[in-house]
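Worksheet for the structure shown next.
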Amino acid sequence: MSDFTFDFVVTEPVKIGREGARLAHWKYRVDTKTNASTYTRQEYGVYRRFNDFLWLRKQLIHAYPGNIVPPLPEKDVRETLDKIFGTTDESKLHKFRQRALRKFLVRVGAHPTLAKSTALQEFIELDDDDFIRRQNELSSAPSTNDLFAGSRLKHLQVSITSKLSSDIESLTLGHNAREDAIDPKKKVFYDKQAYLVKLETTLLTLRDKFENVSQQRRTFQHGAAEVGKAFLKVSEVEAQHDQSDLKYLTEIGSALSQDGENSKENAEREVTQIVESLTYYSSLCRAGQGVINYLKDVWTLQKVFKSDADALRKKKERGSTDVTIDSQIQSAIEKCSSADQHQDVVSSTFLEEMDRFELEKQHDLKSVLQMYVDITVKFAASRSGIWEAVSIPE
């Protein structure tokens with residue numbers, strides 16, 4: 001946890017641009033309260049596009065390699081919404097995205113390192129014009145990473161930089177996975193990656209099962225409502241034919257409708273509180289895998305630098321007349337040293353991140369299970385109350 005706090009609220013999506021226009025987009029209001037001394041005020045309110053959240057995450061990944069940066073929802077979530085909510089209604093899309101965007105900011109603000117980032121402060125503080133100007137400045141600035149100096153390494157710079165943003169795409173850059181896995185210092189990272197892959201898979205399976213249950217509840221709601229209407233029709237016919245008290249038929253019809261609506265509301269609670277939490281953690285597993293993939297490319301970079309230095313030494317031993325050979329060797333040695341230091345920082349940071357991940361995961365998954373228990377108990381009590389109110393005469 002950081003030594004200061006943030007309170008984020010994401011609300012009020014506003015559409016910018018003409019309806020149907022290709023460049024039309026939505027902006028979300030982000031209200032922030034903080035007691036961080038580096039901020040000039042304690043409260044801020046800005047409007048940010050979804051792409052601005054993507055920009056912030058990319059800046060955090062680039063600035064803090066080795067850290068597991070919290071995930072964002074996919075940009076187009078209509079297919080996801082249709083699956084888990086049974087609708088692509090735009091209002092539900094915005095509410096779903098607001099919750100996901102707020103969770104991203106809350107987790108960044110609670111992170112002991114990311115919370116102190118300049119990029120987060122600029123995201124919170126800058127008005128629209130200054131924020132766009134800042135984004136343009138950073139996009140046009142040259143890379144300051146000394147590890148990538150020299151045309152021979154440009155392909156590695158592109159590969160590693162793209163890996164930072166894509167998280168999970170694995171590029172084969174020449175590292176020998178079998179050799180690395182045997183190395184005890186590297187094996188721990190392969191083991192961590194295997195764990196994250198398995199955890200992601202099982203969390204997604206669990207999420208899918210919850211989605212299926214929620215879908216069944218929505219189907220039951222529709223069916224129960226139709227059966228309830230049919231009972232009411234029967235009670236109307238019987239009332240016209242028989243003057244005896246047929247109130248119980250009406251009660252059953254109403255109870256069925258209430259039971260169906262109750263089931264629908266329960267499905268909504270399961271989705272918003274449980275399915276979304278499982279989706280977040282599966283995405284966080286992917287983010288962790290992305291850090292390991294980045295680290296693998298750093299190992300490749302180390303091998304490239306070492307190979308360059310060895311080749312230059314052999315060139316000198318063969319009596320090279322190149323007057324710059326000594327300076328080239330020194331430069332290669334310095335790059336080896338820089339790559340080694342970078343690898344050490346990324347490795348140690350990631351292992352610390354995994355310790356933090358484990359602690360937070362245990363707490364959050366327990367909370368998810370408790371939510372499910374609470375929702376189930378509430379649902380059962382509500383159903384019991386509905387049907388206990390029905391009185392059928394002897």
Side-chain angles (χ1 to χ4, degrees), residues 1-2 4-17 24-36 38-61 68-81 84-85 87-111 114-132 134-135 167 268-284 286-287 360 364 367-368 371:
M1 297 290 288
S2 57
F4 46 84
T5 60
F6 291 93
D7 181 24
F8 296 103
V9 178
V10 180
T11 55
E12 300 179 25
V14 175
K15 193 165 191 177
I16 308 298
H25 59 271
W26 290 89
K27 282 191 171 184
Y28 295 85
R29 181 172 176 83
V30 179
D31 289 297
T32 307
K33 293 181 181 179
T34 182
N35 59 0
T38 54
Y39 288 71
T40 57
R41 302 202 310 267
Q42 292 187 334
E43 296 187 18
Y44 296 89
V46 294
Y47 280 89
R48 295 288 183 248
R49 300 177 58 175
F50 182 77
N51 282 348
D52 296 332
F53 285 85
L54 291 175
W55 174 89
L56 172 59
R57 185 169 189 270
K58 183 177 180 179
Q59 295 305 310
L60 294 173
I61 291 172
I68 303 176
V69 179
L72 284 165
E74 61 266 41
K75 191 167 186 177
D76 187 358
V77 296
R78 292 183 186 277
E79 184 177 343
T80 302
L81 284 177
I84 64 178
F85 283 108
T87 180
T88 57
D89 178 56
E90 200 162 68
S91 65
K92 286 190 179 295
L93 182 150
H94 290 305
K95 289 178 180 178
F96 171 82
R97 183 169 281 175
Q98 285 167 215
R99 290 191 296 270
L101 295 178
R102 180 180 179 275
K103 175 168 279 191
F104 166 74
L105 291 175
V106 167
R107 293 304 173 107
V108 170
H111 193 283
L114 305 181
K116 301 173 184 177
S117 69
T118 300
L120 177 62
Q121 186 162 353
E122 291 169 342
F123 180 91
I124 291 172
E125 285 189 338
L126 297 183
D127 61 29
D128 282 0
D129 292 339
D130 287 340
F131 189 62
I132 293 172
R134 180 57 175 157
Q135 287 177 311
D167 278 348
E268 293 282 342
R269 286 192 294 268
E270 286 178 341
V271 166
T272 55
Q273 296 185 41
I274 299 173
V275 172
E276 290 180 16
S277 294
L278 294 173
T279 299
Y280 172 83
Y281 257 93
S282 64
S283 298
L284 194 61
R286 297 184 79 236
E360 291 188 355
D364 290 345
S367 296
V368 168
M371 279 191 288

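Of the possible donor and acceptor atoms, one in the side chain of Asn35 sits under 3.5 Å from a partner among the backbone N and O of Thr5.
Annotation: the span from Glu43 atom CD to Asp7 atom CG amounts to 9.5 Å, rounded to 0.5 Å. Here the NZ atom belonging to Lys58 is positioned 11.0 Å from the CG atom belonging to Asn51, to the nearest 0.5 angstrom. For the atom pair Thr38 OG1 and Lys116 NZ, the distance stands at 10.0 Å (nearest 0.5 Å). If you take CZ on Arg107 and CD on Glu360, they are separated by 5.5 Å, rounding to the nearest 0.5 Å. Between the CG atom in Leu60 and the CD1 atom in Ile68 there is a gap of 14.0 Å [rounded to 0.5 Å]. Between the OG1 atom of Thr32 and the CZ atom of Arg41 there is a distance of 10.0 Å, given to the nearest 0.5 Å.
The shortest distance between side-chain heavy atoms of Glu276 and Tyr280 does not fall below 4.5 Å. Here the side chains of Pro70 and Lys103 are not in contact, with every heavy-atom distance at 4.5 Å or above. Between Leu114 and Leu120 there is no side-chain heavy-atom pair separated by less than 4.5 Å. Under the 4.5 Å side-chain criterion, counting only non-hydrogen atoms from C-beta, Trp55 is not in contact with Arg48. Residues Leu56 and Leu105 form a side-chain contact, since some pair of their non-hydrogen atoms from C-beta on lies under 4.5 Å apart.
Remark: Phe53 engages Phe123 in a ring-ring contact (aromatic ring centres under 6.0 Å, His included) (not counting sequence neighbours). Take Phe8 and apply the ring-ring contact (aromatic ring centres under 6.0 Å, His included) test, not counting sequence neighbours, and it matches Phe6.
Under the 6.0 Å distance and 45° angle rule, Arg97 counts as a cation-pi partner of Phe50. With a 6.0 Å cutoff to the six-membered ring centre and a 45° limit on the axis angle, Arg57 does not count as a cation-pi contact of Phe104.
In terms of heavy atoms, Arg29 sits closest to Gly45 at NH2-CA, 3.8 Å.
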Verdict with supporting geometry, Val30 and Leu101, side chain to side chain contact (heavy atoms under 4.5 Å, CB included): CA-CA 9 Å; Val30 179; Leu101 295 178; over 6 Å; no

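Within a 6.0 Å radius of NZ in Lys95, other residues, nucleotides and ligands contribute 12 heavy atoms or fewer.
In summary, the side chains of Glu125 and Tyr44 do present a donor paired with an acceptor at a separation below 3.5 Å, with no hydrogens or angles considered.
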